[in-house]
Amino acid sequence: MERIEEKLRILADAAKYDVSCSSSGSKRKNEGGIGDASASGICHTYTEDGRCVSLLKILLTNHCIYDCAFCVSRRSNDVKRAAFTVEEVVELTMNFYRRNYIEGLFLSSGIFKNADYTMERLLRIVKKLRLEEKYHGYIHLKTIPGASEELIKEAGMYVDRMSINLELPSEEGLKLVAPEKNHDSVRKPMAFVDQTIQEIKQESALIKKKPLFVPAGQSTQMVIGATPENDYQIMKVADEFYKSYHLKRVYYSGYIPINAQNKNLPQIGSTPPLVRENRLYQTDWLLRFYDFQLEEILNPEHSRLDLEIDPKLSWALRNPHCFL
Ligand code: SF4
């Protein structure tokens, strides 16, 4: 029990840097088991109607074969390592759910051995929860870049939301701090999940019992302020991802300095860009809900958001002719 508690401490702490876990919108119904994802949102955040919901947010393991400089789980980081077994994650989720501590599970992982080895374990967890434990609560699963499409497709049948982090907004930024990774390893699975969602939607029109596949859609996260991309570059990527892969959300996570060794990253002690993060979310909202076009708010001549005023006011001040 003590070992499980220690694992929980290590793996919940390592998971806290991933912010891509708000909003639910799942249609999964309780069919005679426990929980109901349609009734609860994702945790550790506030829903649109102001409810605070809770989620068991953990990594399966913080062992990782990669060495992304911005990540606390990178292989060169001297931190305590741990790994849950499949059974331990299932037991923890069920115990917490039954005690009403959580309303869902947010499960991510470092990559141990290889992508498929890790993804296969994540799949076993979500499958066991749904089929053996009859758990109908919310599940948000992070997809492992490089995992095979068969494993991703099967996992998608059991989870509500899937996400895969783009990490840095540009390929150049990624090369600077995570040279072993590239954007293609994110785009490929994202395109595959999107295509499968669309295909299943079309099939659903023809058959009575709809198969569920990632009913709450996909999301991604970008780390902001770790590398020198400007706001126009960041929002251009987000805009393209919304349009190409029908994402439900793009999350912008202000970089928290955690690496003293890498000269390419802001040093420990520098302030995370939280106001900038907020301005990016405001811009994101203007694009998604207020029909603004990206170039109206940001463009090559106006490539940085004003930190003093919100992007809507900034647009109004630059376009007085619209108010004559
Ligand atoms: S692959 Fe993921 S978990 Fe591993 S170091 Fe990179 S960001 Fe961290």
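What you see below is based on every heavy atom in this structure, not just the backbone, and it leaves out hydrogens, waters and symmetry mates. The chain is numbered in sequence order, starting from 1. For ligands, and for the atoms within them, numbers begin at 1 and follow the listed sequence.
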Q: Could you tell me whether Arg187 and Glu240 have a side-chain N and a carboxylate O separated by less than 4.0 Å?
A: yes
Q: Collect the protein residues that have a non-hydrogen atom under 4.0 Å from ligand 1 and hand them over in chain and number order.
A: Cys64, Tyr66, Cys68, Cys71, Arg74, Gly110, Glu167, Lys181
Q: Answer yes or no on whether Lys127 is positioned over the face of Tyr158, meaning its NZ or CZ is under 6.0 Å from the six-membered ring centre and within 45° of the axis.
A: no
Q. When Asp231 is tested against each of Arg276, Arg279, Arg304 for salt bridge (charged side-chain N to carboxylate O under 4.0 Å, His left out), which residue passes?
A. Arg276
Q. Under 3.5 Å, side chain of His183 to main-chain N/O of Leu168, donor-acceptor pair present?
A. yes
Q: Among Gln198, Lys188, Met162, find the one that has a side-chain contact (heavy atoms from CB on, under 4.5 Å) with Val193.
A: Met162
**Q.** With Tyr66 via ring pair (Phe, Tyr, Trp, His ring centres under 6.0 Å) - residues at least two apart
**A.** none
